[in-house]
Structures are given as structure tokens and as C-alpha cells.
Novice: 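Following this message is one structure expressed as C-alpha cells.
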Amino acid sequence: MENCQKPLHKLPKAERLHSHNAIQGLFTNGKSFYIYPFKVIVLERLPDSQLPEVRILISVSKKKIKLAVARNRIKRLIREGWRKHKSPVIQQLNFYGTHLDIALIFTGHDIPDFLLIQKKINAVIKRLLQEYEVAD
RNA sequence: AGGUAAAUCCGGGUAGUCGCUGCAUGCAAAUGCGGAGGAAAGUCGGGACAGCACAGGGCGCCAUACUUCCUAACGGGAAGGGCUUGAAGCAGAAAUGCAUCAGGUACAGCAAGUGCCACAGAAAACAAACCGCCCUGCCUCAGGGCAGGGUAAGGGUGAAAACGUGAGGUAAGAGCUCACGCCUUGUCCGGGCGACCGGGCAGGUGGGUAAACCUUAUGGGCUGCAAGGCCAAAUAUACCGGCAAUUCGGUUCACCGAUCAAGGGCUGCCCGUCCGGUGCCGGUGGGUAGGCCGCUGGAGGCUGGUAGCAAUGCCAGUCCAAGAUAAAUGACUGCCGGAUCAGAAAAAUGAGCAUCUUCUGAUUGCACAGAAUCCCGCUUACAGGAUUUACAAAGCU
RNA sequence: GGACCCGUAGCAUAAUUGGAUAGUGCAUCUGACUACGGAUCAGAAGGUUAGGGGUUCGAAUCCCUUCGGGUUCA
């Protein structure tokens, strides 16, 4: 546990979803569920040694949040929350041998507290773990 | 002390842990250094830069519009001029003028032409007579009426009524004449680089509107970093080469030649109709996903000197200060600072409250806001703080 | 990031080249009709013409500026 603790809290660019095609594929083929204030879209992929176990896309709508400063802050908070709490998902995916693309779409109307974000991201992660236990 | 307004500047700091991003070093792991703003915003002007177009000229279209200067350029800035609003003052019978202070000003030309000026009003611009005023003629006992003419002083209308005030003049009136004054055209003299100012002479076509068409002057080619350039997977396609297949011809019967879109069958021809026009490999071309360049050292910052009223220029020294791309510059915690609230103490005062200073406690991450090719400006948003200038004046009971 | 367009009652849509009370339909409210409701009839209310400033005697219209919404360009 202690050995793998350190690298798990990083979030390099490879673990962020930024390819236009991959995003299109995620939105057209992915399954979605909703835990306020997140809409979550998930797509299973075949394992590929070039790509990481899970890729994350964080989105905050310009329609919901007008100010660029507020959007940036929300995205940073969500990213921070995911970075801190993502390790169980990766462990499980390694165990079952599948990979995932995930989109976290924020649908609230104002800047949330960091504690709330952490709580909700944990809820999302719990749901993900359940889904993929059942699936296998 | 403090208040209000304007201008300029700042607009949280620090330590730790965990991250993101660029560069450097390193085989790697990693380490070191750098990492949002005054508006990064709006995209309103102007450039740099890039591509396309381009003999030269005219028309058209768009923009700008007091002067001089600054600037790479601008619809920006500085200084100045005119006009205008308000205040109190002086001169004058009044119109109006003078100087002062505080603002505002898209401020070329309606005296080049055209258009428009609703409703009201007689009339909204080569004039014009509704009421009124005056003259003449006729009718009538009279009051008065009718007809012709003169008249823009008065009434009324309107945002605006043919320059204003006073006097003369006249039947009544009128810039009809005169005095003073405003506006304006031409010209001369003086001052100023100039806008313009002061004065003289001769005039007058004397309503507004050009953010109405327009005229004059000046400027402008168009499009924008998603510009533009380079590399380039997969798939499809065009061309070239090879092989195979197809079709046709020749014959020594398994070979040769031709053919890659001609064509072939029903039929000899036309019409009609049917069939066929391929597959694999390699290369080339444009070119998609994706990547790289453009991409940050520049009309650059800071300090000092110097010219100028100033905007700003010049000189010297010194520094290098983000470069992301589904888009980095963050999260958490502690301490300091700030803000708000509560309490206490002290000072000024005759006393209390408010204010201010200090201390204690609580609350609050704490103004507006996030680079996207880069600059200059404008506009808009902004908690709080600092400095300077100007103003009023020592709060309430 | 660049370029461009639009904004009128709750909704939709007019207002000729600036001209006076900003019109119309649906919806809303009140009354009549009806046992009640609908439909119908009569009447009323509802507008900072997106906000602010300017030009003009006069602005929904012209000009500047701010805000909101939308379109488009690889």
C-alpha cells in the first residue's frame, strides 16, 4: 500500500481526456448516470499498454457559470478532488483488466465548497465501483 | 483628527504538504529556475505580422472633420481657440457687452444645390392679411355694413414667425431712415505658426436641420494567427509501374501480341434492350485525424540625465519578466495583514454619543476579475489602502 | 480567438423616409349570458420600445456607449 501511494495522487496529462475523437466516442457511446451536481458519462475500453487505466474529462458549462474565473475554480476543485480520491478505481480496474473513459460534467449554478466536491466525488467513485463489480 | 472630488500608484504577505505547466541538466529517476491583469474583459479605434489581389487614373463605397503639436498609427493624447450652460459682479433705458470662477462641447460647409419642418396657425420661407390698424368709394337716420387697396407694429398659434432695443417717420405701418447692438459677406491694417483676436471701410441673400441627401478636404485594396507554412497514420480516391484476371487476334495448342475502358450479345445496319467495365502489390499527388512552426526580445520594462507648459522625444546604464491548446498558473493547513460585529481602556470636550488609537474575543478566504499572435489607445467593472492637488469647514445633543 | 446579427406588454407580431394617445392577435382580469363551466359578447389592465447619454422643436426610428441573446469561421 505504501509503495503505490505516492504515484497514485498525480494527474498527468495522459490521464486527462483531450482528444476530440475520444470525446466524441465517449459522448455517443457512453453510459451516463447522475449524482448531483455531476452528470457522469462512462465508456469502457479495451486495455492498451500505451494508455492509462482511466482518463477523465472535467467540464463546466458556460451557460451555467458565466464567469471564467468561477469556471476555472470549479474545474480546479473537481480536478483536485478526483486526484485525491481516484486510486480505488484504478486498483479495481487493474484487478478486472478493463479501462475507462469518464466525463464529469458539473451542472450546479454556483461555486461549491471543496468538502462537498470531495463528498460527491467519493459518491461517484462508489457508484462506479458497484457498476463494474456487477458488470463482471 | 476626519470629510468630498479628481489624478497617479498598490491591490494581500509568508511557511509547510500534495499537485499542474514551460525551460535547463540527466539514460532514467529526479533536481533547479520561471509561471495571469490593471483591467488579462468589451472587441470600439489603430497598427505590427501573414496570405491573396495590384500598370496608371477616374467613378463609387466607407471613415474622419476648430487649430497646432505628440505618436508607428488612431475616432487616442497634450496645449490652445471658438461656441455654450450656470453663478455672483460691473456698464447700459433696453438689447447686449465686459472681465472672473466652475462645467459642457462629433466644433468644416444650410451665404453651393435639393429635401424636410407633423399638429396648431392667416402664413413654416421667390412669401403670406384670420382678428386688428389705416385710406378710398358705396349703402345706411345712426350704430354699422359691403367693395377695393395699404400695412407684419399688436393679438392669437407654435419648438421656431423674417435681426434686437430705442427714436424718427407715416393715413396706418415697415431696416423705410437714424443711433446703439447682434449675426454675417468681401476687403484692408495690426497681433498670433495657426484656429482666431482687435480695429477700419464697403455691404446684407439675416429661421432651423448635414448624428437629412449632399458639397469640400483628408485617409482607406481585401481578409484575418481558426492568417499562413511544414511533417503526416488509417481509410477513400486520381495517376504511374508490375502481376493476375477479362476481352480480342494469331497460330506451332500453350505460347505470342494487343487491351484497361474500349466493348460484346440479341441481328447485317439504325433504334431499342441486356451484360461488362476487375483484383492484388509498390510508388507518386493532393490531403483528413494528429503533430510541429508561427509563439513570444518587444513601437519592451526599470533607473538616471536632458529638451519641452504638457502629451512626448533623445541619450546613457541595466534587466529578460507566462506561453497553455477539452486549454497550466492550483488545493489544503498554520501564522501575519485586511474587513465586519461585540466588549474594554485611554485621549480631545463642561458632559454624553459619534470619531480616532490600543487591547481582547468572534466571524469571514477577503474588490473586480483568468492570458490564447503581439503591441498602443479608448470604454466598462473594482473591497480596501497610499500619495498629491482642490474645496468646504471643525459632527450631533 | 476572429467576424457578424438581433433586442417592442406574459407570448407572437406591427408602426411608410423621425411627427406626438406605441397598434393587433392569443393569454390575464372584471362584468353579461349559463344551474355550473366552455364558447360568445362588452369593458379594463398590462410598455423605462434592453439600460444610459447625445443630435433634434420632437427619437422605437439617427449617432455613441453598456448589457443580454444568437449566428458563423478549423
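This one's a predicted model, so the numbers in the text were calculated from it and none came from an experiment. We name chains A, B, ... by the order of the sequence lines, and we start the count at 1 in each one.
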Novice: What is the distance, to the nearest angstrom, from the CD1 atom on A:I78 to the C1' atom on B:rG330?
Specialist: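 After rounding, the reported distance stands at 14 Å.
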Novice: In whole Å, measure the gap between the P atoms of B:rG37 and B:rG297 for me.
Specialist: 16 Å
Novice: Who are the salt bridge (Lys or Arg N to Asp or Glu O under 4.0 Å) partners of A:E53, not counting sequence neighbours?
Specialist: none
Novice: Which nucleotide, in any strand shown, forms a Watson-Crick or G-U wobble pair with B:rU8, with both distances under 3.5 Å?
Specialist: B:rA386
Novice: At a cut-off of 3.5 Å, list every protein nitrogen or oxygen paired with a nitrogen or oxygen from nucleotides 287-290 of chain B, distance to 0.1 Å.
Specialist:
unit_1, atom_1, unit_2, atom_2, d
B:rA289, O2', A:N21, ND2, 3.0

Novice: Tell which nucleotide pairs with B:rA238, taking only Watson-Crick or G-U wobble pairs whose two distances are both under 3.5 angstrom.
Specialist: B:rU284
Novice: In whole Å, measure the gap between the P atoms of B:rC319 and B:rG291 for me.
Specialist: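 B:rC319 and B:rG291 have their P atoms separated by 39 Å.
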Novice: Distance check needed: B:rG19 P versus A:H85 NE2, whole Å only.
Specialist: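 So the two atoms are 14 Å apart, to the nearest Å.
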Novice: Which atom pair, heavy atoms only, marks the closest approach of A:A103 to A:L26?
Specialist: CB-CD2, 3.7 Å
Novice: Which pairs, with at least one residue in residues 114-129 of chain A and sequence neighbours excluded, count as a salt bridge (charged side-chain N to carboxylate O under 4.0 Å, His left out)?
Specialist: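 Those involving residues 114-129 of chain A are A:R127-A:E131.
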Novice: How many Å lie between NZ on A:K84 and P on B:rU17, as a whole number?
Specialist: 14 Å
Novice: Mind telling me whether B:rG175 is syn or anti, cutoff 90° either side of 0?
Specialist: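 Nucleotide B:rG175 adopts syn.
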Novice: If you take any heavy atom closer than 4.0 Å to RNA chain C, which residues from residues 64-77 of chain A end up in contact?
Specialist: A:K66
Novice: Round to a whole Å and report the spacing from NE2 of A:H9 to P of B:rC332.
Specialist: 16 Å
Novice: So among A:K86, A:R55, A:K10, which one has a salt bridge (charged side-chain N to carboxylate O under 4.0 Å, His left out) with A:E15?
Specialist: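 When A:K86, A:R55, A:K10 are each tested with A:E15, the salt bridge (charged side-chain N to carboxylate O under 4.0 Å, His left out) holds only for A:K86.
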Novice: Could you measure between the two P atoms, the one in C:rG18 and the one in C:rC4, and give it in whole Å?
Specialist: 25 Å
Novice: My understanding is that only one of A:L17, A:L100, A:V89, A:L104 makes a side-chain contact (heavy atoms from CB on, under 4.5 Å) with A:I56; could you say which?
Specialist: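 That would be A:L104; it is the only one of A:L17, A:L100, A:V89, A:L104 passing the side-chain contact (heavy atoms from CB on, under 4.5 Å) with A:I56.
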Novice: Would A:W82 and A:L77 count as a side-chain contact (heavy atoms from CB on, under 4.5 Å) if you check the C-alpha gap in whole Å, the side-chain angles of each, and the deciding distance to 0.1 Å?
Specialist: CA-CA 9 Å; A:W82 177 257; A:L77 288 172; over 6 Å; no
Novice: Is B:rA212 in the syn range, within 90° of 0, or in the anti range?
Specialist: anti
Novice: Please test A:I35 against A:V40 for side-chain contact (heavy atoms from CB on, under 4.5 Å), starting from the C-alpha separation and ending with a verdict.
Specialist: CA-CA 8 Å; A:I35 294 176; A:V40 186; 5.6 Å; no
Novice: For B:rA289, which nucleotide in any strand shown is its Watson-Crick or wobble partner with both distances under 3.5 Å?
Specialist: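 Matched B:rA289 with nothing under the 3.5 Å cut-off.
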Novice: For side-chain contact (heavy atoms from CB on, under 4.5 Å), just list the numbers for A:H85 and A:Q118, CA-CA rounded to whole Å, side-chain angles, deciding distance to a tenth of an Å, and then say yes or no.
Specialist: CA-CA 8 Å; A:H85 297 98; A:Q118 295 195 68; 2.9 Å; yes
Novice: Which whole number of Å gives the distance between the P atom of B:rU67 and that of B:rU43?
Specialist: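 Each nucleotide's P atom is 34 Å from the other's.
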Novice: Judged by modelled atom types alone, do A:T107 and A:Y34 share a side-chain donor-acceptor pair under 3.5 Å?
Specialist: yes
Novice: For atom C1', what is the distance between B:rA120 and B:rC138, given to the nearest Å?
Specialist: 39 Å
Novice: Suppose we define a pair by two distances each less than 3.5 Å, Watson-Crick or G-U wobble; what does B:rA344 pair with here?
Specialist: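 The answer is B:rU358, by the H-bond criterion.
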Novice: Taking only N/O atoms, report every protein-nucleotides 20-24 of chain B pair under 3.5 Å with atom names and distance.
Specialist:
unit_1, atom_1, unit_2, atom_2, d
B:rC20, OP1, A:L11, N, 3.4

Novice: Out of curiosity, A:F114 CZ to A:E80 CD, how far, rounded to the nearest 0.5 Å?
Specialist: 5.5 Å
Novice: B:rG337 and B:rG13: how far apart are their C1' atoms, nearest whole angstrom?
Specialist: 7 Å
Novice: Between A:I23 and A:E80, which is nearer to the 5' end of RNA chain B once each is assigned its nearest nucleotide?
Specialist: A:I23
Novice: Nearest heavy-atom pair of A:I23 and A:H18: which atoms, and what distance?
Specialist: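 Here A:I23 and A:H18 meet closest at CD1-C, 4.2 Å.
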Novice: What's the CG-C1' distance between A:L115 and B:rG365, to the nearest Å?
Specialist: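 Between C1' of B:rG365 and CG of A:L115: 14 Å.
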Novice: Holding to salt bridge (Lys or Arg N to Asp or Glu O under 4.0 Å), I want the full list of residues that pass it with A:R45, two or more places apart in sequence or in another chain.
Specialist: A:D101
Novice: Could you tell me whether B:rA36 is syn or anti, where syn means a glycosidic angle within 90 degrees of zero?
Specialist: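 You should classify B:rA36 as syn.
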Novice: What does B:rC176 pair with, Watson-Crick or G-U, if both distances are under 3.5 Å?
Specialist: B:rG168
Novice: Under a 3.5 Å limit for both distances, which nucleotide forms a Watson-Crick or G-U wobble pair with B:rC83, could you say?
Specialist: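 Pairing partner: B:rG104.
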Novice: Under a 3.5 Å cut-off for both distances, is B:rG219 Watson-Crick or wobble paired, and to whom?
Specialist: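 Partner of B:rG219: B:rC62.
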Novice: When you look at A:F33 and A:I41, which way does the side-chain contact (heavy atoms from CB on, under 4.5 Å) test go after all the steps?
Specialist: CA-CA 7 Å; A:F33 59 91; A:I41 302 177; over 6 Å; no
Novice: Taking syn as within 90° of 0 and anti otherwise, name the glycosidic form of B:rG38.
Specialist: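 B:rG38: syn.
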Novice: Tell me the partner of B:rU259, counting only Watson-Crick (N1-N3 plus N6-O4 or O6-N4) or G-U wobble (N1-O2 and O6-N3) with both under 3.5 Å; none if nothing fits.
Specialist: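 When the pairing criteria are applied, nothing turns out to pair with B:rU259, so the answer is none.
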Novice: Whole angstrom is fine here: how far is it from NZ in A:K86 over to P in B:rC18?
Specialist: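 It is 16 Å, rounded to the nearest whole Å.
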Novice: Using atom C1' in both nucleotides, what's the gap between B:rG168 and B:rA211 to the nearest angstrom?
Specialist: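 Nearest-Å result for B:rG168 against B:rA211 at atom C1': 49 Å.
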Novice: Please give the distance between the P atoms of B:rA15 and B:rA299 as a whole number of Å.
Specialist: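 That atom pair is separated by 36 Å.
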Novice: Which whole-number value in Å describes the distance from A:L17 CG to B:rU325 P?
Specialist: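 From A:L17 CG to B:rU325 P: 14 Å.
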Novice: Whether the side chain of A:R71 engages the backbone of A:K66 through a donor-acceptor N/O pair (distance < 3.5 Å, no angle test) should be reported.
Specialist: yes
Novice: What is the distance from CH2 of A:W82 to C1' of B:rA326, rounded to the nearest Å?
Specialist: 17 Å
